[in-house]
*Asks:* 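Following this message is one structure expressed as C-alpha cells.
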Amino acid sequence: MTTLTHAPAESTIDPSLRHVYREVLRRNAGEHEFHQAVEEVLGSLGPVVKRHPHYLDERVIERLCEPERQIIFRVPWTDDAGQVQINRGFRVEYSSVLGPYKGGLRFHPSVLLGTVKFLGFEQIFKNALTGMPIGGGKGGSDFDPKGRSDTEVMRFCQSFMTELYRHLGEYTDVPAGDIGVGGREIGYLFGQYKRITNRYEAGVLTGKGLAWGGSRARTEATGYGTVYFADEMARHAGRSLEGKRVVVSGSGNVAIYAVEKVTELGGTVVACSDSSGYVVDEDGIDLDLLKDLKEVRRERVGAYAEERGGRARLVQDGSVWDVPCEVALPCATQNELDDEAARTLVRNGTWLVAEGANMPSTPAAVRVFQEAGVLFGPGKAANAGGVATSALEMQQNASRDSWTFEHTDARLGEIMRNIHQRVVTTAEDYDRPGDYVFGANAAGFTSVADAMLAMGVI
Ligand code: NAP
C-alpha cells in the first residue's frame, strides 16, 4: 500500500475563503497533508460564513489555521548494539479553546511536522463533535518501532518523554496512542513521566493499562465507535450492516476492533491488510488468529494466510479495495484510498464507507463517493469514539473511579449516536441532507469558533 499526496485545489473553496487557503500554502510550504486537511475543512465553510459573517470579520478561521504552539525536539537514544540513534519528536498543541490539548502520538518513519499538523487540525473539530471538554493536539516521531526490541522501544520512549514531559499535564496536554503507539509504548511513556515528575498523575496520558488507570473499552473504542457510526448511517438510510460483506483496511488497533464489532453485528469481514499486502478470507476474518498475530506476535499479515492454510489468500501487489464489498472501512492511514480505488468500490456495489483512520480517502475519492450517492462518513466524525473514550478515561482518573466495560461501551455508543445526530441535523439545517462531510465540518467548526469568540482575541 502506498500513500499518495494530493495537489492543492482551491476551486473547492468558497471565494470568500480562498485568501485564507493561499496564506496557509504560503506559510506552511511543503506540508501537503496539512494543506489537504485545511482544504477539506475550508471547502465546507462557505455556507457557514455566509450565514455568520462575523467569523470572517473576526478572522477566526485564520486564527484556527495557526497552531497555538508547535514543539520540535531531538530524541537521542542508544540501540541494543550500543549505537547512538537520533530521531525527531513533535507535539503540536493546536487548540485549547474547549479543554486541554488532546490527541495521540504517532511513531512511524513517515512522520513530519506537516503530518502532525494535519492530524492536530482534524483533531480540533473531531474533539468538538464529541461534545466533551477537550481541545486538539497531536504528536509523534519519525521513530520506527518495527523490528526494534522491547528494550530499544523503552529507551526511545524514555528519551522522548524526558523532553515532552515539561509540556504535559492533566489540565494542559494529554496525549494518547496512534499508529505505532499502543499499550506497550504508553506504559513506557507513563513510567518515565512518573519518575521525572514524582507525581502519579494518571490523567496525563490515556490508553493506559487497566491495572494502572486505564479505561475499559478504550482499546476497542475507535474500531467499535467507527462501526457504531456506520451502523447509525445505515439505519438512517433504512438499511443495516447485518449479513453484509465488509472490507477493512489495516490490521492494527482500529482495524481489529472494527472487525470485531462488524462480526458481532452480523456482518462478514472478508479482507484486511497491512503495508505488506492484504488477505482475503471468504469465511470471514478469524479474529482470534488476527489478534494473536498482530497484538502478541507482531507478525505481518502474510502469516495469517499461512496459518489459515487454503482458506485465506495473500495478495501482495494490488489494493485491498479491489475486493468486492458492500461496506468499506478504511482503518490504516491517510490517503490510502484514491479516486481509482473509489471508482472500483462503486463499480463493485459499495454503498457505505466510514473512515476509521484519519483522512484515509483523498479528496478526489470523496467526490467519487458523493457523486455516486455512497453514504460517506468522514473520519473526524466516524472515528471520534477513540478520543471520546479517552475523555471518559480522564473522567475516571479525575474521580479515582473505574467503570465496567458495559457502562463505558454504552457511553461510547451513546456518544457516537449523538455525533451522528448532530452531523445529520447540521447538514439538514444548511440544506445539505446526507452530506456528512459538510455536517461534521460545520458542526465542529461552529462549536470551536463560538468558544474562541467568547474568549476574546486568542
Ligand atoms: P496501528 O495499530 O499502528 O495500525 C496501523 C495499521 O495501518 C497497520 O496495519 C499498518 O500496517 C497500517 N499502516 C500504517 N501506516 C501505513 C502506511 N504508511 N502504509 C500502509 N499501511 C500503513 O494504528 P491505529 O491506532 O490502528 O491507527 C490507524 C488509523 O486510525 C490512523 O489513521 C490513526 O490516526 C487513526 N486513529 C486511531 C485512533 C486510535 O485510538 N488508535 C483514534 C482515531 C483515529 P503496518 O503494520 O504494515 O505498518
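Numbering of ligands and ligand atoms starts at 1, following listing order.
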*Asks:* Closest by any non-hydrogen atom to atom 41 (N) of ligand 1: pick that one out of V387, N253, I256.
*Replies:* N253

*Asks:* Please determine whether a side-chain nitrogen of the Lys or Arg among K294 and E299 lies less than 4.0 Å from a carboxylate oxygen of the Asp or Glu.
*Replies:* no

*Asks:* Evaluate S276 for polar contact with ligand 1, using N/O atom pairs at a separation under 3.5 Å.
*Replies:* no

*Asks:* Does some side-chain heavy atom of P100 sit less than 4.5 Å from a side-chain heavy atom of M394?
*Replies:* yes

*Asks:* Kindly identify the option in T222, D178, I179 whose heavy atom sits closest to atom 40 (O) of ligand 1.
*Replies:* T222

*Asks:* Between G177 and ligand 1, does any nitrogen or oxygen pair lie at a separation below 3.5 Å?
*Replies:* no

*Asks:* Holding to side chain to side chain contact (heavy atoms under 4.5 Å, CB included), I want the full list of residues that pass it with A410, two or more places apart in sequence or in another chain.
*Replies:* none

*Asks:* Is R216 paired with E406 through a side-chain N to carboxylate O contact shorter than 4.0 Å?
*Replies:* no

*Asks:* Out of G250, A332, A357, whose heavy atom sits nearest atom 28 (C) of ligand 1?
*Replies:* A332

*Asks:* So for ligand 1, is K294 a polar contact partner (N or O within less than 3.5 Å, distance only)?
*Replies:* no

*Asks:* Below 3.5 Å, N or O to N or O, backbone or side chain included: is there any such pair between R300 and ligand 1?
*Replies:* yes

*Asks:* Do any nitrogen or oxygen atoms of K126 lie less than 3.5 angstrom from nitrogen or oxygen atoms of ligand 1?
*Replies:* no

*Asks:* Would you say G386 and ligand 1 have an N/O pair spaced under 3.5 Å apart?
*Replies:* no

*Asks:* Do the non-hydrogen side-chain atoms of N127 and M132 ever get within less than 4.5 Å of each other?
*Replies:* no

*Asks:* Identify, with sequence neighbours excluded, every residue that meets side chain to side chain contact (heavy atoms under 4.5 Å, CB included) alongside N441.
*Replies:* E40, V41, S44, K380, V437

